[in-house]
Amino acid sequence: MNKLKFIVIGILLSTLLSSCQEKKEEKVQQPNIIFIMSDDHGYQAISAYGHNLNHTPNIDRIANEGALFTHGYVSNSICAPSRAAMLTGKHSFKNGKIDNVIPYNWDQDNVAKRLQKAGYETALIGKIHLHGNPQGFNYSNVLRGQGQYYNPDFIENGKKRKYHGYCTEVTTNITMDWIKNKRNKNKPFFLMYHQKAPHRTWMPDLKHLGTYDDKTFELPDNFFDKYEGRKAAKQHEMGIFKHMDLVYDLKMLDKQKQINSPRRRQAQSKYNRMDSTQRAKWDAYYDPIIKDFKARKLKGEALAKWKYDRYIKDYLSTIQSVDDGVGELLNYIEKEGLSKNTIIVYTSDQGFYLGEHGWFDKRWMYEESFRTPILMKYPKEIKPGTIEDGLIQNIDFAPTFLDYANVEIPKDMQGESFRPILNGEKEDWRDALYYTYYEHHGAHSVQRHHGIRTHRYKLIHFYYDCDNWELYDLKDDPKEMHNLYGDPNYVEIQKELHQKLESIREKYEDSDAIDQKYIQEHLQQKREKDQAKQARRTNSSKK
Ligand code: SGN
Ligand code: CA
């Protein structure tokens, strides 16, 4: 009898022990997650996407060792709303951050808070562009607002700190320091490594000046777009030819002040941030270009082409530093043996126009800015060289990370984990995406709009102080030059898309009433700002 008791207790103990071990192993198995994001990095400027503009070997490595997403999209193509959508897993009208102006509420739930609660060590480094102290992070070191390319100011755990050097490299150095020396190595980690580059004004690092000077860049074939049938697009203020500033954007800051620019003062202040050694190298590169530009007295189409050429060269050179940083991080992960258990994602807050439709900037629901690059590796689950063509949106990152971390996905997150589609279980995956854009009137003059995109079609509604519809067949017209709305051949498709738009708005709980609420809030903010401006003016005139 005693012997039997002994055996039973023995079995019970060993079961308990092995289940404890399993639990421990399960914990150890939680993957590290590195979420790399850059700002305004169009997929056209990542060599893995095959556009042959530039060479980004390190970013490409992520796709070569994992997956390249061909249909990655954002929910609202602008910086702060895009970041809010990624953190919360919700569309802008749900998380409240609809534009770059209305404040973000950090008190709401976010993916970092959830991971932190589940035992993750969390860090946010670089650009976040959401005012207020970041919540959900053990360590944060973020740029103030948009940040500066040279000798940038950061806020480290709530305290201001100035760094010497080039912003992209500084952000990488802070990240490497955290990953090597600061984090608790007994915990899985969630790292948001977010570059400011290649945001306007595309100031390259000194060592990358001239990287693309020997390459000839052809204008995109719709560079001289006349926007026929597209009323909203006609009102843009993002033309490379018409709106790009020679001095502010294209660095023609001549000492003689002969080149005309309404933004010379702002250009000068960016230049003034550099120290004398940095300025000497900067001048050694740009001064001969300024001299040559002045001598050529370009006009019309020749000037348009010159502007595009300077823009694309600066933009791509700025990306080289982003790629360097990714390389440094990937090498470290590999050297430390962390590769197998680390998920690495590369994305941008949205895409960007590199001369398509004659533009720079983003905001529109047209492909170049609605789409965003997504590359992801996780050797445990994703086969190298995977091409993923499912419709993915930035609201999906938060639930996807929680899924991989084995943490419950809150019911009110609107995005969905795309882990199952990467694992080949695609059956129920969505067939359409919903998009919203609110920042009107704002920089670059893009009308308020929303719309739906399926694999083949896109329906857009421009509204607020207009009421225009656009419909595109992306198979026949991938560059979105022919608005088919009202075309008798598309009556049925148009009807279907209208119905789909209605139902997707219902699904995500958007409505005209919600929109009206934001319009009022926006107008109120505007009034307050104007009043504050007026008060400052009155005060200064009294002095
Ligand atoms: C700045 C830029 C704009 C840009 C917005 C938003 N002008 O206002 O070109 O669209 O930021 O960019 S600048 O002259 O100040 O550079 S975002 O990435 O933050 O959304
Ligand atoms: Ca951006």
Side-chain angles (χ1 to χ4, degrees), residues 36-45 72-87 92 97-104 126-131 142-150 152 167-168 171 192 194-204 236-240 242-251 253 261-271 273 307 311 314-315 318-319 322 346-354 358-366 368-374 394 436-447 529:
I36 313 172
M37 190 159 84
S38 50
D39 195 304
D40 296 357
H41 191 172
Y43 53 87
Q44 313 91 308
Y73 290 85
V74 295
S75 45
N76 182 353
S77 175
I78 186 165
C79 187
S82 183
R83 289 158 205 276
M86 292 189 202
L87 279 166
S92 308
K97 185 65 184 157
I98 57 152
D99 57 25
N100 276 350
V101 184
I102 288 177
Y104 174 70
K127 183 169 175 181
I128 186 66
H129 202 179
L130 298 171
H131 297 285
V142 297
L143 285 163
R144 298 184 62 195
Q146 291 281 10
Q148 296 289 343
Y149 274 110
Y150 279 88
C167 185
T168 309
T171 306
M192 292 173 63
H194 288 194
Q195 292 290 8
K196 166 197 169 58
H199 191 273
R200 194 180 184 185
T201 57
W202 322 291
M203 290 172 84
H236 74 87
E237 286 175 14
M238 56 172 77
I240 292 176
K242 207 166 156 200
H243 305 104
M244 196 174 261
D245 191 285
L246 283 169
V247 175
Y248 180 70
D249 289 314
L250 299 176
K251 302 48 177 207
L253 184 67
S261 159
R263 304 192 74 178
R264 175 174 285 272
R265 200 180 48 79
Q266 283 165 287
Q268 189 70 51
S269 99
K270 289 193 190 299
Y271 175 86
R273 293 188 69 89
K307 281 181 138 184
Y311 162 52
D314 282 348
Y315 180 84
T318 305
I319 288 168
V322 177
Y346 184 90
T347 191
S348 170
D349 60 347
Q350 83 290 303
F352 212 64
Y353 294 93
L354 305 182
W359 292 338
F360 62 101
D361 214 67
K362 53 256 178 179
R363 301 163 190 266
W364 305 96
M365 199 193 166
Y366 303 127
E368 289 81 358
S369 48
F370 178 26
R371 239 182 102 178
T372 197
I374 304 179
N394 58 354
T436 58
Y437 173 80
Y438 301 90
E439 199 173 282
H440 176 71
H441 304 108
H444 303 293
S445 192
V446 174
Q447 188 60 256
K529 273 195 172 168

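Side chains included, hydrogens not; waters and symmetry mates left out as well; all remaining heavy atoms used. Both ligands and their constituent atoms are indexed starting at 1 by order of listing.
- At a heavy-atom distance under 4.0 Å, no atom of Q266 approaches ligand 1.
- Of the possible polar contacts, none joining the K196 side chain to the Q148 backbone as a donor-acceptor pair under 3.5 Å is found.
- Annotation: H444 is in aromatic contact with F360 [ring centroid separation under 6.0 Å].
- Distance from atom 17 (S) of ligand 1 to its nearest protein heavy atom, with residue and atom name: C79 CB, 3.2 Å.
- In this pair, H129 and H131 present their aromatic rings perpendicular. The plane angle is above 60°, beyond the 30 to 60° band.
- The shortest contact between atom 11 (O) of ligand 1 and any protein heavy atom is with Q146 NE2, 3.1 Å.
- The contact set between ligand 1 and R263, taken as ligand atoms under 4.0 Å from a residue heavy atom, comprises 14 (O).
- Formation of a donor-acceptor pair under 3.5 Å by the S348 side chain with backbone atoms of T372 is not found in this model.
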Take Y150 and R273 through the test side-chain hydrogen bond (donor to acceptor under 3.5 Å, both in side chains) and record every step on the way to the result. CA-CA 6 Å; Y150 279 88; R273 293 188 69 89; over 6 Å; no
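- Ranking the protein heavy atoms by distance from atom 9 (O) of ligand 1 puts H444 NE2, 2.6 Å first.
- Not close to ligand 1: Q350, with no non-hydrogen atom less than 4.0 angstrom away.
- Of the candidates Y248, W202, F352, Y248 brings a heavy atom nearest to atom 15 (O) of ligand 1.
- Looking at K127 and D39, a side-chain N of the basic residue comes within less than 4.0 Å of a carboxylate O on the acidic one, giving a salt bridge.
- Between the Ca ion (ligand 2) and the N, O or S atoms of D39, the shortest distance is to OD1.
- Under the side chain to side chain donor-acceptor pair (under 3.5 Å) test applied with D40, the options Q350, R200, Q195 reduce to a single match, Q350.
- Minimum-distance N/O/S atom of D40 relative to the Ca ion (ligand 2): OD1.
- Ranking protein heavy atoms by distance to atom 7 (N) of ligand 1, first place goes to R200 NH1, 3.3 Å.
- Between the T347 side chain and the P373 main chain, a donor and an acceptor come within less than 3.5 Å of each other.
- Among protein heavy atoms, atom 4 (C) of ligand 1 sits closest to D361 OD1, 3.5 Å.
- Between F370 and Y73, the ring planes lie tilted relative to each other; the angle falls in the 30° to 60° range.
- Contact annotation: N100 has at least one heavy atom less than 4.0 Å from an atom of ligand 1.
- When the N, O or S atoms of D349 are ranked by distance to the Ca ion (ligand 2), OD2 comes first.
- Of the candidates K362, H129, E237, R363, the one placing a heavy atom closest to atom 18 (O) of ligand 1 is K362.
- Interface atoms of ligand 1 facing D40, defined by a heavy-atom separation under 4.0 Å, are 18 (O).
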Trace of the side-chain contact (heavy atoms from CB on, under 4.5 Å) decision for K529 with V101: CA-CA 11 Å; K529 273 195 172 168; V101 184; 3.6 Å; yes
